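No experiment lies behind these values; they were computed from the predicted model shown.
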Amino acid sequence: MDVNEGLTRASSGSRKRKPSGYLLPALVAINALLAAGIAAVCATASPPLSYVAAGVLCACIVALSSYLSYEWHNYREQNKSYIDEITDLNLRFGILADAVSAVSSTLDLEELVANILGVMLTLTNSSIGVVLVPDESNAYLQVLSHRGFQEKAVRGLKIPVGKGAVGKAFKDGNTVIRKNLPEDPRAGETYLDGRSPRSQIIMPLKAKGQMVGIAVTASCEEHEYTPDEVSLLSSLGHELAVAMINVDLYQQSQKTLEWLRDTQEYTEHFIQEMLAAVVVVDGEGDVIYFNREAADLLALEPKEVIGVNYADFTEDREKFKPLSFLQPIFRLCLEEDRVFRRHELAIEGPGGRRMIINFNAFPLHRAKGERLGAAVVFMDVSSLKEMETRLRQQDHLSILGQMAAKIAHEVKNPLFAIIGLADELEEEEHDPERKALLATIKREATLSNQWISGMLTFSKSPFPVTEETAVSLQSTVPDLLADFSRNHQGGNIKIVKDFGEDLPPVMLSRDNMRHILFNLLENAVHAMPTGGVITVRAHDTGNGFLEMRVEDTGTGIRPDILPNVFDPFFTTKEGGTGLGLAIVQKILLDMGGDVEVRSQQGMGTTFILKLPTRGASHEPVP
């Protein structure tokens, strides 16, 4: 029976059976009139008529009094029944309130089930109860919560689905009431109070077409389960099943949210730690990601960029000038759904430095195709491009070296013959004009021989250097500078040495070091026709290389020819072979080092040498 229906029935019944409010006063008035009539008859009538009349009136009074007493008794009994019914309804409402409180007070499944189980036990006046749920295989029922059992009796308990009263009730989904249960010989080991249950109700927990468990309550006394109790238990079981499903969904959603948070944190960490720069905008074009590599590459802090719309990345805004290359890329990705793969672009980086970047760009979409934004992933490949250029140049130098060796072999011997014959003819010749011609032949042949000697030097590989023959710059360079100064006295040239302390030996031979240093010093002297200062600096970089710089205060090198100074046979000096710097670069590259040049017209030129140090492994570049 529904609780509201019970209240309605109780209230309607009380309106039907309750005595009218005017009945008692009317009966009292009638009795008073009868008593007055008796007195009047006795006073006016003579016996025996007065006795008869008085007897009749007394009988009426007795009858009315009896009727009044009977009705009053019925009224009290009926009120008592109504009070019991209302008390029972109040108890049921209290139980329902406890159930609602139990459902709403926690999202922990075990606590929720324990609270509802307590309400069920209160409803049935039972002391033993258990709630079982299926395991992952749905083949067994296992205990989720219990009361009245000893812990060791239910620990690890598994009931096969479809076996026994509980297993069958779960499989069939039916409520089972069991009475007059046989005595359990193991009651003392199973139940807390040691008594065996006498009655039991097995209630399936079912909601939304899903069986989520089974609830069992038992009493150690014989208990008559009324239809109202069974109906209320069924309602509690249904609400418990709904709550269990909702809690399970909540826990799954929490796990999903936790997974999403972990995934987001992982993604953000991954993006932040990528070796490539990453910039991501949302559907409105506002920057939502700007990782550390992008910040380092473009010299901007993430907080300066995040939240800014890509449309503001213009060259007019000095702050965002390094980001201006992103504007057309994001526009094409967002507006035209364009995708870029392995594109290269030359940009102006921080401080006006020219950079070559390799980038991928693509729009971001949801699973249903809704656009979320766009992303650009890019790397500075300037050094890679420079390395590729140097590798190609080294291949070119290797081919030229082979050609030079072959040409020198074929030409050098005839040149020696020409020079020797010219010497003999010059000694025997007395005609001045013919002697002048022979001198010219001798001079040009000697110049050609110098070219051939340079080509041979260029074609040779450097001699292998061991750690025992490695050069110490602190002891070798001062001697070399002194030799150079003796051969170039005058000209107002000053040479300054600026070396750091404890420089490690470099993996070059003394002859190679002399060739490199003298070539660079000759170029510096040539660039300072009116004099100047040449500074030779050296310091340890700590990464297996020693950096040596040769700086001059000369006229500098024009920007248009600066990229070509290491090309073989390129020269701006009259009578130069164009092989000096090419040989310097080849020696260093073959030994695993490198050389670069920086120059500014009117300010001077600096050659920066990377010299491999002893103890580090630097294989020559093939």
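Partners of S472 under the side-chain hydrogen bond (donor to acceptor under 3.5 Å, both in side chains) rule, at least two apart in sequence or in another chain, do not exist in this structure. Partners of A538 by side-chain contact (heavy atoms from CB on, under 4.5 Å), not counting sequence neighbours, listed by chain and number: L473, F499, L503, L546, M548. For E547, the side-chain hydrogen bond (donor to acceptor under 3.5 Å, both in side chains) partners two or more places apart in sequence, or in a different chain, are R549. A search for side-chain hydrogen bond (donor to acceptor under 3.5 Å, both in side chains) contacts involving N358 returns nothing, not counting sequence neighbours. Listed by chain and number, the residues in a salt bridge (Lys or Arg N to Asp or Glu O under 4.0 Å) with R354 amount to none (sequence neighbours excluded). Legend: residues meeting salt bridge (Lys or Arg N to Asp or Glu O under 4.0 Å) with D282, ordered by chain and number and at least two apart, are absent. Listed by chain and number, the residues in a side-chain contact (heavy atoms from CB on, under 4.5 Å) with S137 are D135, A139 (sequence neighbours excluded). Under the side-chain contact (heavy atoms from CB on, under 4.5 Å) criterion, V212 pairs with L205, Q210, A241, M244, I245, sequence neighbours left out.
Side-chain contact between K610 and L588 is absent, with no heavy atoms from C-beta onward closer than 4.5 Å. Within the 4.5 Å cutoff, side-chain heavy atoms of K208 are placed close to those of N246. Side-chain contact between R510 and N512 is absent, with no heavy-atom pair separated by less than 4.5 Å. M379 places none of its side-chain heavy atoms less than 4.5 Å from the side chain of L297. When side chains are defined from C-beta on, V496 does not count as touching I534, because their heavy atoms never get closer than 4.5 Å. Contact annotation: the side chain of I288 never approaches that of I306 to less than 4.5 Å [non-hydrogen atoms, C-beta and beyond].
Here M591 contributes atom CE and L508 contributes atom CG; the two are 5.5 Å apart, rounded to the nearest 0.5 Å. Separation of atoms CD1 (I583) and CZ (F566) is listed at 13.0 Å; rounding is to 0.5 Å. Summarising the geometry, atom CG belonging to L609 is positioned 6.5 Å from atom CD1 belonging to I516; distances are rounded to the nearest 0.5 Å. Atoms CD1 and CG, on I418 and L421 in that order, are 8.0 Å from each other to the nearest 0.5 Å. Between atom CD1 of residue I356 and atom CD1 of residue I347 there is a gap of 10.0 Å, rounded to the nearest 0.5 Å.
Listed here is the closest heavy atom pair of T613 and F545: CG2-C, 3.7 Å.
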Return all side-chain donor-acceptor pairs below 3.5 angstrom for residues 322-342, not counting sequence neighbours, or 'none' if the list is empty.
residue	atom	partner	partner atom	Å
S324	OG	K321	O	2.8
Q327	NE2	A311	O	2.8
D337	OD1	H365	NE2	3.2

Name the atoms and distances for all side-chain donor-acceptor pairs under 3.5 Å in residues 598-606, with sequence neighbours left out.
residue	atom	partner	partner atom	Å
S599	OG	I557	N	2.7
S599	OG	G604	O	3.3
S599	OG	T605	OG1	2.8

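Using a 4.0 Å cut-off between a side-chain N of Lys or Arg and a carboxylate O of Asp or Glu, E344 and K385 qualify as a salt bridge.
Screening residues 495-504 for salt bridge (Lys or Arg N to Asp or Glu O under 4.0 Å) gives D498-R537 as the qualifying pairs, with residues at least two apart or on separate chains. Screening residues 304-315 for side-chain hydrogen bond (donor to acceptor under 3.5 Å, both in side chains), with sequence neighbours left out, gives D286-N309.
Within a 6.0 Å radius of CD in E110, no more than 12 heavy atoms belonging to other residues, nucleotides or ligands are found. Annotation: R371, atom CZ; neighbour count of heavy atoms from other residues, nucleotides and ligands within 6.0 Å is above 12. The environment of CD in E433 is sparse: at most 12 heavy-atom neighbours from other residues, nucleotides or ligands sit within 6.0 Å.
Under 3.5 Å, the side chains of S509 and D511 contain no donor-acceptor pair of N or O atoms.
A distance-only check finds no donor-acceptor pair linking the side chain of T535 to the backbone of E551 [under 3.5 Å]. Here the side chain of Q585 pairs no donor or acceptor atom with the backbone of D567 at under 3.5 angstrom.
By the 30° and 60° cut-offs, the orientation of the rings of F518 relative to F484 is perpendicular.
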